[in-house]
Enquirer: 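Take a look at the following structure, please.
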There are 2 protein chains.
Amino acid sequence: MEDAAALVSAQEQLASARRAPSQQRSRERVERMLAAASALIAEQGSDAMRMGEVAERAGVSIGSLYQFFPDKRAIIWALAERYTAESQACISAALAGVSDAEGLGRAFSELVDIYYGLFLAEPVIRDIWSGTQADKALRQLELADSRANAEFLTAVLRRLRPAVDPATLETTAFLVWQMGEAAMRLAISVERQEGDRLVAAYKRMALRELLAE
Amino acid sequence: MEDAAALVSAQEQLASARRAPSQQRSRERVERMLAAASALIAEQGSDAMRMGEVAERAGVSIGSLYQFFPDKRAIIWALAERYTAESQACISAALAGVSDAEGLGRAFSELVDIYYGLFLAEPVIRDIWSGTQADKALRQLELADSRANAEFLTAVLRRLRPAVDPATLETTAFLVWQMGEAAMRLAISVERQEGDRLVAAYKRMALRELLAE
DNA sequence: TTGCAAACATGAGGATTACTCACGTTTGGA
DNA sequence: TCCAAACGTGAGTAATCCTCATGTTTGCAA
């Protein structure tokens, strides 16, 4: 598993390149640093978060900040790690007892709701995982472009399924299109072979949805 | 359409805040700047692209660069715009003549292949649209986390559909999970009401896939 | 209790880099 | 031929991440 090895090394580089706090005092200070970072990200976004500001708000010096976090990304990483650990526990719990199709339907639906609520409620998660994060304007272009592309698909669907509410078709087309882009981004981020499989799976899934009654 | 107005203003801010080249000489120089930027992004990624390096490689001064591009993002934006215009034409052409379900199946499949090929072949597209772009390590954590989460789903599927090849189930679960994250990112980027509709549509789509025979 | 090594804390300053601006040069049309 | 507008330049500015030499505190072994 070279992926796992690469990740561990990345983790060491990002999260553990500095000494972990061993004394009570420093552990509290690290907590304050994380809290300050979290607040600043919630207020202005991680891109606008300044290391000096984090230190000031946490009531520590800039040097102390860098004693426990090797760089700016490490703070964001540390915050992200907390959320992922938390959400992983939640997922595990929700899906653990599922034994039939109906149960999966209920559990999955509930899980999506919880996740969506988390995304809506936590500015830090929104910021970290929202994609193309550094550039809000670029994100808007991406969405506008995606909408325009989906419109071509909507036009086809309107012809093929005239009985269905046009707004529903538009939502479907937009979603299918965005998922296609997500699938490709995913595909180019993994081994070529797995990427090909994922794209093929997306095709099936998208067509099933597009041609559904 | 306040979205459209906002986008135009963003476009003006990003792409047109500087004088457009009107003489033949400067038009050529702008082309050289874009070519240099494209090459550097392909080599090292947009984050590592230095404005000074772009100018040097294009054989112009840093001042000339800023005469036509208000900031670094504007160069990336300009490159992205070319690709989106190109791909939009391609999509329009592929879907224009579709009149029945079979035709949609063929055209859509072909379209996905072309898009995927574009993603694979063009380092600049990969870089610009690959998401969480600024931080490759964070992207890796995101994927590892997503894989771990999908594993819970895979376990359920193995129980529910023991006849199906486990590797296929794994691919399905991973894809469905990633698309869920994509759907939520999308949902929080648009108006709340549309976001809710998109998440609901994702739920239906995902469950249809998960419970498919 | 005391000595001491390791852990902790500090903030001025080094290094990098996006971006500006005052001044010089070229172009195209009247 | 003249001139205003467009173009071109690169040293310098400002902002920001991060280092490091130096001083302080802590916990523990003798």
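Below, chain A is the first sequence line, B the second, and so on; all start at residue 1.
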Enquirer: Show the distances under 3.5 angstrom between N or O atoms of the protein and N or O atoms of nucleotides 17-19 of chain D.
Expert:
residue, atom, partner, partner atom, Å
D:dC17, OP2, A:Met51, N, 3.3
D:dC18, OP2, A:Tyr66, OH, 2.9
D:dC18, OP2, A:Lys72, N, 2.9
D:dT19, OP2, A:Arg18, NH2, 2.8

Enquirer: Report the distance from atom CZ of A:Phe69 to atom C1' of C:dC8, rounded to the nearest whole Å.
Expert: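 Roughly 15 Å, once rounded to whole Å.
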Enquirer: Does B:Ser26 reach a base, just sugar-phosphate, or nothing at all? Heavy atoms under 4.0 Å.
Expert: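 If one applies the 4.0 Å heavy-atom cut-off, B:Ser26 turns out to touch the sugar-phosphate alone, with no base involved.
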Enquirer: Does any part of the side chain of B:Phe69, heavy atoms only, come nearer than 4.5 Å to the side chain of B:Arg18, both counted from C-beta?
Expert: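 With C-beta onward as the side chain, the pair stays apart.
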Enquirer: One pair to check against salt bridge (charged side-chain N to carboxylate O under 4.0 Å, His left out): B:Arg147 and B:Glu142. What are the steps and the verdict?
Expert: CA-CA 9 Å; B:Arg147 239 185 245 280; B:Glu142 187 185 359; over 6 Å; no
Enquirer: Scan B:Ser22 against the nucleic acid and name what it touches under 4.0 Å (heavy atoms): base, sugar-phosphate only, or nothing.
Expert: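 B:Ser22: backbone/sugar contact only, no base atoms under 4.0 Å.
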Enquirer: Between A:Arg25 (CZ) and C:dT10 (C1'), how many Å, whole number?
Expert: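 Distance, rounded to whole Å: 12 Å.
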Enquirer: Measure from CD on A:Gln24 to C1' on D:dT25 and round the result to the nearest Å.
Expert: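 Distance check: A:Gln24 CD to D:dT25 C1' gives 15 Å.
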Enquirer: Does D:dG10 have OP1 or OP2 under 4.0 Å away from a side-chain N or O of B:Ser61?
Expert: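 B:Ser61 to D:dG10 OP1/OP2: no side-chain N or O under 4.0 Å.
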Enquirer: Find the distance B:Arg32:CZ to D:dG8:C1' and express it as a whole number of Å.
Expert: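 Roughly 12 Å, once rounded to whole Å.
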Enquirer: Give me the bend of the helix from C:dT1-D:dA30 to C:dA30-D:dT1, using the axes of the five pairs at each end, rounded to 10°.
Expert: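 What I find for the helix from C:dT1-D:dA30 to C:dA30-D:dT1 is an axis angle of 0°.
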Enquirer: Looking at A:Ser87 and A:Thr84, what are the two nearest heavy atoms and their distance?
Expert: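 Shortest heavy-atom separation between A:Ser87 and A:Thr84 comes out as OG-O, 3.1 Å.
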Enquirer: Any side-chain donor-acceptor pair under 3.5 Å between A:Gln178 and A:Ser146?
Expert: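 The criterion, which ignores hydrogens and geometry beyond distance, is satisfied for A:Ser146 and A:Gln178.
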Enquirer: Separation of B:Gln23 atom CD from C:dT25 atom C1', in whole Å?
Expert: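 Rounded to whole Å, this separation is 11 Å.
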Enquirer: Identify the two heavy atoms, one from A:Ile41 and one from A:Leu79, that lie closest to each other, and give their separation to 0.1 Å.
Expert: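 Between these two residues, the closest heavy atoms are CD1-CD1, 3.9 Å.
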Enquirer: Quick check on the 6.0 Å ring-centre criterion: do B:Tyr115 and A:Trp177 meet it?
Expert: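 That pair passes the under 6.0 Å test.
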Enquirer: Rounded to the nearest Å, what distance is computed from the CG atom of residue B:Leu65 to the C1' atom of nucleotide C:dC21?
Expert: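 Roughly 16 Å, once rounded to whole Å.
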Enquirer: In whole Å, what is the span from the CD atom of B:Gln67 to the P atom of C:dT26?
Expert: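 Distance check: B:Gln67 CD to C:dT26 P gives 15 Å.
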Enquirer: Any idea which heavy atoms bring A:Leu104 and B:Leu207 closest together, and the distance?
Expert: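 The pair with the smallest heavy-atom distance is O-CD2, 4.3 Å.
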Enquirer: How close do B:Gln140 and A:Ser189 get, counting heavy atoms only, and between which atoms?
Expert: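 Closest approach of B:Gln140 to A:Ser189, heavy atoms only: OE1-O, 4.4 Å.
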Enquirer: Verify the contact: side-chain N or O of B:Arg29 to OP1 or OP2 of D:dT9, cut-off strictly under 4.0 Å; return yes or no.
Expert: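 Affirmative; the distance criterion is met.
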Enquirer: Might you point out which heavy atoms bring B:Tyr66 and B:Asp71 nearest each other, and give the distance in Å?
Expert: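 Scanning both residues, the minimum pair turns out to be CE2-CA, 4.1 Å.
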Enquirer: How many whole angstroms separate atom CD of B:Glu28 from atom P of D:dG8?
Expert: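 Roughly 10 Å, once rounded to whole Å.
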